[in-house]
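Written below as structure tokens is the structure these notes are about.
Chain letters run A, B, ... following the sequence lines, proteins first and then strands; every chain starts at 1. The basis for the numbers below is simple: all heavy atoms, side chains too, and nothing from hydrogens, waters or symmetry mates. Note that the coordinates shown come from a computational prediction; the quantities given were computed from them, not determined experimentally.
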Amino acid sequence: MESHVSEKVDLPFKPLPPEVLEEYSGRLREALGLKRVIDEEGRVVDEGLMPKLPPSEMREIYEYMVRARVIDSWLLKLQRMGRVALHAPNKGQEATAVGTAKPMKPQDWLFPSYRELGAYLVRGMSEEEILDRALNTIDDPLKGSDFAIYGNRKYNIVPAPVPVGNQIPLATGAAMAAKILGHDTVVVAMFGDGASSRGDFHAGLNFAGVFKAPVVFVLQNNQWAISVPVKRQTAAPSFAIKALAYGIPGVRVDGNDVLAVYSVVSEALERARRGEGPTLVEAVTYRLGPHTTADDPGRYRSEEEVKIAERYEPLKRFRKFLDSQGILTEKEALQMEEEWNARVEDIVKRVLEKPGLPKDVFFHNVYERRPWHLEEEYEEFKESLKVAEELGLELEE
Amino acid sequence: MESHVSEKVDLPFKPLPPEVLEEYSGRLREALGLKRVIDEEGRVVDEGLMPKLPPSEMREIYEYMVRARVIDSWLLKLQRMGRVALHAPNKGQEATAVGTAKPMKPQDWLFPSYRELGAYLVRGMSEEEILDRALNTIDDPLKGSDFAIYGNRKYNIVPAPVPVGNQIPLATGAAMAAKILGHDTVVVAMFGDGASSRGDFHAGLNFAGVFKAPVVFVLQNNQWAISVPVKRQTAAPSFAIKALAYGIPGVRVDGNDVLAVYSVVSEALERARRGEGPTLVEAVTYRLGPHTTADDPGRYRSEEEVKIAERYEPLKRFRKFLDSQGILTEKEALQMEEEWNARVEDIVKRVLEKPGLPKDVFFHNVYERRPWHLEEEYEEFKESLKVAEELGLELEE
Amino acid sequence: MPRVNMVQALNMALREEMRRDPRVVVLGEDVGRRGGVFLVTEGLIDEFGEERVIDTPLTEMGIVGVAIGMAMYGLRPVAEIQFIDFIYEAFDQIVNNAAWMRFRSGGMYKIPLVIRGPCCGGIRGGMHHSQSNEAYFMHTPGLYVVMPSRPYDAKGLLKESIRVDDAVIFLEPKSVYRTIREEVPEDDYTVPLGKARIVREGDDVTLVTWGAMVYVAEQAAKIAEEKHGWSVEIIDLRTLLPWDRNAVISSLEKTGRLVIVHEARLFAGPGAEISAYIAENYIDLLRGPIKRVASYDTPFPLVHEKLYMPNVARVYKALMEVMQW
Amino acid sequence: MPRVNMVQALNMALREEMRRDPRVVVLGEDVGRRGGVFLVTEGLIDEFGEERVIDTPLTEMGIVGVAIGMAMYGLRPVAEIQFIDFIYEAFDQIVNNAAWMRFRSGGMYKIPLVIRGPCCGGIRGGMHHSQSNEAYFMHTPGLYVVMPSRPYDAKGLLKESIRVDDAVIFLEPKSVYRTIREEVPEDDYTVPLGKARIVREGDDVTLVTWGAMVYVAEQAAKIAEEKHGWSVEIIDLRTLLPWDRNAVISSLEKTGRLVIVHEARLFAGPGAEISAYIAENYIDLLRGPIKRVASYDTPFPLVHEKLYMPNVARVYKALMEVMQW
Ligand SMILES: Cc1ncc(C[n+]2csc(CCOP(=O)(O)OP(=O)(O)O)c2C)c(N)n1
Ligand SMILES: Cc1ncc(C[n+]2csc(CCOP(=O)(O)OP(=O)(O)O)c2C)c(N)n1
Ligand SMILES: [Mg+2]
Ligand SMILES: [Mg+2]
């Protein structure tokens, strides 16, 4: 039997050795600092953290952010037209979504939340697929299951749970599985500041620490959980500091600085890939839009606040940087946005024409094989459609 | 509308101010250190932390520890005799239980776990009541509900939940209520290292931090959660460090040093009473006995380990101190233990004679008023007893 | 008497109870400044302040756990679950502490707690904004389970729920929140738990239902009446645990036929208990077998929800079937 | 063929499946060195190592959540809940992820997961070491719910549960763990989910039950036979979701009388579905009303548990009642 006497019994009745204090002092600084590559004017403030990317990739990153912004605004429009059940806008958080997904490898897995359009695009999901999903066309890959979520096994994107945060232990479990199977896979979980309060966050991060799972947790601190401000979510001075509770590093990064997010997440991915375990990344950002299309932020936050936050808006900021570096002029950037807008408009038109999902779609994908009682219910269902027809009842509005 | 623009929107895009780093560096040191008043030989190592108690109270504290030890061993015996369903021995953890409960005021509330005999005694519960409970006599205050738990409203001791840790948010809620009602009440929650992994720990400490609830969390790190050692419970270097995740102080104390526990808990109680909010106390201790009477620790830990741990055994250690201070000689201490043993033996005899709980006891205390279906079941129950009698069936063994 | 919708009626109930009893507090996600996502708690924070209208961190386990502690200590908390679909994180707290603390403590501690939140479908809410999960709570002794179908009952039942000394799961069919308006007294009245309401008298079939299904039942009954002249008695149970056996039996004495309609799923659902209980104990009253109409045993789908839940065609079909006897 | 008890049979099942399929892993509290508190996983860590026999931190939400992630990624985890009474912290994970991930993802992800643990009373376990909570899971589509009553079935059902591509709640009546011994093949066999077992044939009454109640039923049947000459057919359902309707119907075709016995509580309990379903759809087969015998609708008490659970007297009484018809 492995005895853990010397490290475990003797030790606890002493203060922890000075190396531990030192290591954790370093971690504390990372958890309370703020990593940035460029400031809000797009000026480089930390050369050391600058990701080594060719101009073409910088441009590409910007393009993903634009595409995220464009499809976001189309989803908003379609929701107002009554065609989309609900949309959770990601305006203002594009840098975190794109900066997180960009350094991931194709075999890596993403467990997103419901506000990550930029990340889906980076991993290969097209605007058409997003629209098929949002409009629940015949091609909806999730077959009309729930709103505001996106995912596809093809891209290793697991559709988000609407219950906030319960994907977090799943991400840890997937990472543990990858490790057990010896795969070169890192798992990324994305979620909000509100999610940090859930039991799932606690379990997911704790297991990840104990089992050194190859997983990166990206907490998007967008300052609000619907109407609840971060100070009501936690009394801790940052979210990154929560990492210390799980024996893992926590890094606080400017989530509106796509280059900083890219850098910090890259490093965390590499650590995980090297077998050094998980990291919690707190990306400090701001939700510029409403929580969802069902929300009315005027009830709980001032326009003044939003105006201040707009100073840190990630697209403009990155655009200034790209312009100053001669990678992309403001004019080219504008043109790029217009082009994508036009392209997406076409796609929207096309997708709006598609038929919807069949009436019996929800009888599928409950089990691998339907048990008899569900089979019976399916028969009753089909008869009830006939009754409705006989009665001339319009069952759906 | 209260705008939190300046502190909330402007700030997050900057590193946290240096005062925060400084404050948290101090907290980190407390969370990774180890507070002690006496060493394992009973020698004073930190005069500053020595509680200012008259010799009579020191003696009294020792007496509580002895009583805890004595009733613990009787419960073990009674379990082996088949009279007690299950017992979770507290041998080795008496200093934490007594040191925690002693500085509490009568109006304070205790939410214990299932291993806190010393704390019950300090708060006024008698050996007789403990035995009534354990033997489920007619006087069992908890009416035969569950095993291994003790509590009584009289002493503001809430009976523990057998599901580990789910009392923690209750403690926070009671503390919040006391604060709302303006009462001078502090709430204490006691639980183990294993409990720290539960969602309830996370929720309870987080709410306490956010609402500055007057609550003290005493985590008894006894190195094991049944067979799971602390290194499998968390990758963090201590449990006290978890406090930082909730913006509250965390203090690591030698849980086998009753004076240190007393001091640290006193201070935490005072902080809470002054309105300064919660504290997490990690009391480093060791479970010398089996997890419960149903456990077989030989399967997962070595005798060698237990032997080493015995060096830190809290009664002997405190006895040495008391002897060295001329408060209580070793001989007097021994005599005290014998006296209590004899006293408890008498009580045991008496309690063993008492009748058990009535057969229908479980039909009570489900609701304030039984709903009709339960009333119907109650009638059926009474009839079934008659049927059993007619059949000559002995339903209980 | 003002004509109000259910949201307003619930708001009245909370406000009145908070005025009447300083121990009543409200807590949950977004219940403060936001007034709840459906505005049930609108304005309460202005009248009662942050100490009694408490915006919480995002954890149902925490909300319910903390509320239980408050209730033990002496407050009478009303905990909002933003959508009842999110209650499962709190399941351990509900079962082991809210429902069973009285028992565990030998009757020393009671838990006067209301856990309330919007339930049920009909607003295109998808898997997690549509559920009717009352069956899980009905199987948990120590709880009351309540679901009003109209503003008057909502106010009276919520006030009563706040006053009883046991934990109440209070489910509000959100599709009714703003669609039904009726006169609701501004005075202090309560509706007792465990008492059904006869929505519509009839002699041929008894239709037992609750929540938003009351309205579907009414439509189906109207068609049945128009088409066949059958008169359907509709009973709105209002409380599921305990349910009003007497109301159902009295009705069956007239009709001898029973249809149970609920939005919860069929299998091991709430109707199973009612159906089993009646058939086991009152078979003599029945001319033929009971019929349940329920949502199908699949997760709640975003698309085609009106086909998934009991609809007029399905209820009508069930009425046809029992009228064969 | 070795004569083994249920703990050994379960251990055989795990060992065989882990040998057969490297994707099978075991995780939970104390499943490693300790071998589980009932020794169901004894010795597995020696054969398969710490990577496949994983002692976890103390959180059921974590154990189940992590196991779901593992299952999605490609493992076939068996998660142990130390006592099934502690499963409620994981309820959100079970409902929203284990049961509904397949649906949520349009069929793209499956969850081949077994959540197993000791259930039920009879060992003086009190409120939290005694529960039979299958009803909560039966009302949750996407799950299978299984409860063996004897070693042979335990092994075969567990092996089958590990192989199916949906999540299975596998409940082990702990009072049977060491009391029943029988011959269990060392070969690879499985028992299909959804198929009942005829424990004892009979013509007068059908008694449907499962888990440890099979033995109480057998005793009561014996008394009924001795005293009155009635022959009782006992059906052990073995799987509760889905339950074996055909076995029950075939039996009722002979007997026309049905008693359902379960350890779970009565109200909205597992028997309600079976009783309601049969009375609603097969009334013609019944000579008289169905009778359910169940634990009472209170928390599980430490004292007098044998009076609280269905016992021989109560089952016998029920048989007497249905034989009146
Ligand atoms: C378990 C659960 N409780 C409540 C909700 C309702 N709800 C949806 S989003 C949300 C706030 C989430 O905040 P955060 O985690 O910060 O993410 P954000 O929306 O800001 O991106 C709430 C309370 C939910 N979806 N799930
Ligand atoms: C929720 C829950 N899961 C599992 C158990 C079984 N169990 C009882 S005690 C225990 C270990 C508790 O460890 P810890 O919190 O360190 O307290 P200790 O027993 O060491 O005092 C476990 C796993 C339980 N009681 N509750
Ligand atoms: Mg947020
Ligand atoms: Mg411990």
At a 4.5 Å cut-off on heavy atoms, which part of [X] comes close to chain C: side chain, backbone, both, or neither?
{"X": "A/Ala294", "value": "backbone"}
{"X": "A/Leu374", "value": "side chain"}
{"X": "A/Val164", "value": "side chain"}
{"X": "A/Leu357", "value": "both"}
{"X": "A/Tyr378", "value": "neither"}
{"X": "A/Asp295", "value": "both"}
{"X": "A/Ile149", "value": "neither"}

Taking every non-hydrogen pair under 4.5 Å, which of [options] racks up the most with chain C?
{"options": "A/Leu385, A/Val366, A/Val162", "value": "A/Val162"}
{"options": "A/Ala148, A/Ala388, A/Gly194, A/Gly165", "value": "A/Gly194"}
{"options": "A/Tyr367, A/Phe201, A/Phe362", "value": "A/Phe362"}
{"options": "A/His291, A/Glu389, A/Glu383, A/His373", "value": "A/His373"}

| query | Within the distance-only criterion (no hydrogens, no angle test), does the side chain of A/Arg232 pair as donor or acceptor with the backbone N or O of C/Asp55 below 3.5 angstrom? | reply |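 Between the backbone of C/Asp55 and the side chain of A/Arg232 there is a qualifying donor-acceptor contact (under 3.5 Å).
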Which answer fits [X], side chain, backbone, both or neither, if we ask what part of it has an atom under 4.5 Å from a heavy atom of chain A?
{"X": "C/Phe300", "result": "backbone"}
{"X": "C/Leu266", "result": "side chain"}
{"X": "C/Ile45", "result": "neither"}
{"X": "C/Thr56", "result": "backbone"}

Measuring from [X]:[atom1] to [Y]:[atom2], what's the distance to the nearest 0.5 Å?
{"X": "C/Thr59", "Y": "A/Gln233", "atom1": "OG1", "atom2": "CD", "result": "9.5 Å"}
{"X": "A/Leu86", "Y": "C/Leu302", "atom1": "CG", "atom2": "CG", "result": "9.5 Å"}
{"X": "A/Leu393", "Y": "C/Gln219", "atom1": "CG", "atom2": "CD", "result": "8.5 Å"}
{"X": "A/Leu391", "Y": "C/Ile223", "atom1": "CG", "atom2": "CD1", "result": "5.5 Å"}
{"X": "C/Leu58", "Y": "A/Ser197", "atom1": "CG", "atom2": "OG", "result": "6.5 Å"}

Shorter than 4.5 Å, heavy atoms on both sides: which option in [options] has the most such pairs with chain A?
{"options": "C/Arg124, C/Glu305, C/Glu29", "value": "C/Arg124"}
{"options": "C/Glu89, C/Met61, C/Glu60, C/Gln82", "value": "C/Glu89"}
{"options": "C/Arg314, C/His129, C/His304, C/Lys317", "value": "C/His304"}

Minimum-distance pair of heavy atoms, taken over all atoms of [X] and [Y]:
{"X": "A/Asp146", "Y": "C/His128", "value": "OD2-CD2, 3.1 Å"}
{"X": "A/Ser384", "Y": "C/Tyr296", "value": "OG-OH, 4.0 Å"}
{"X": "C/Tyr316", "Y": "A/Val387", "value": "CD2-CG1, 3.9 Å"}

Report, as yes or no, whether the 6.0 Å neighbourhood of atom [atom1] on [X] holds more than 12 heavy atoms from other residues, nucleotides or ligands.
{"X": "A/Lys359", "atom1": "NZ", "value": "no"}
{"X": "A/Glu379", "atom1": "CD", "value": "yes"}
{"X": "C/Lys222", "atom1": "NZ", "value": "no"}

| Using 4.0 Å as the upper bound for N to carboxylate O, is an ion pair formed by A/Glu377 and C/Arg265? |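 No.
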| task | State, with a plain yes or no, whether a side-chain heavy atom of C/Val37 is found less than 4.5 Å away from one of A/Ile226. | result |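 Yes, side chains in contact.
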| query | So do the side chains of C/Leu307 and A/Phe381 get within less than 4.5 Å of each other, counting heavy atoms only? | reply |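 Answer yes - side chains close enough.
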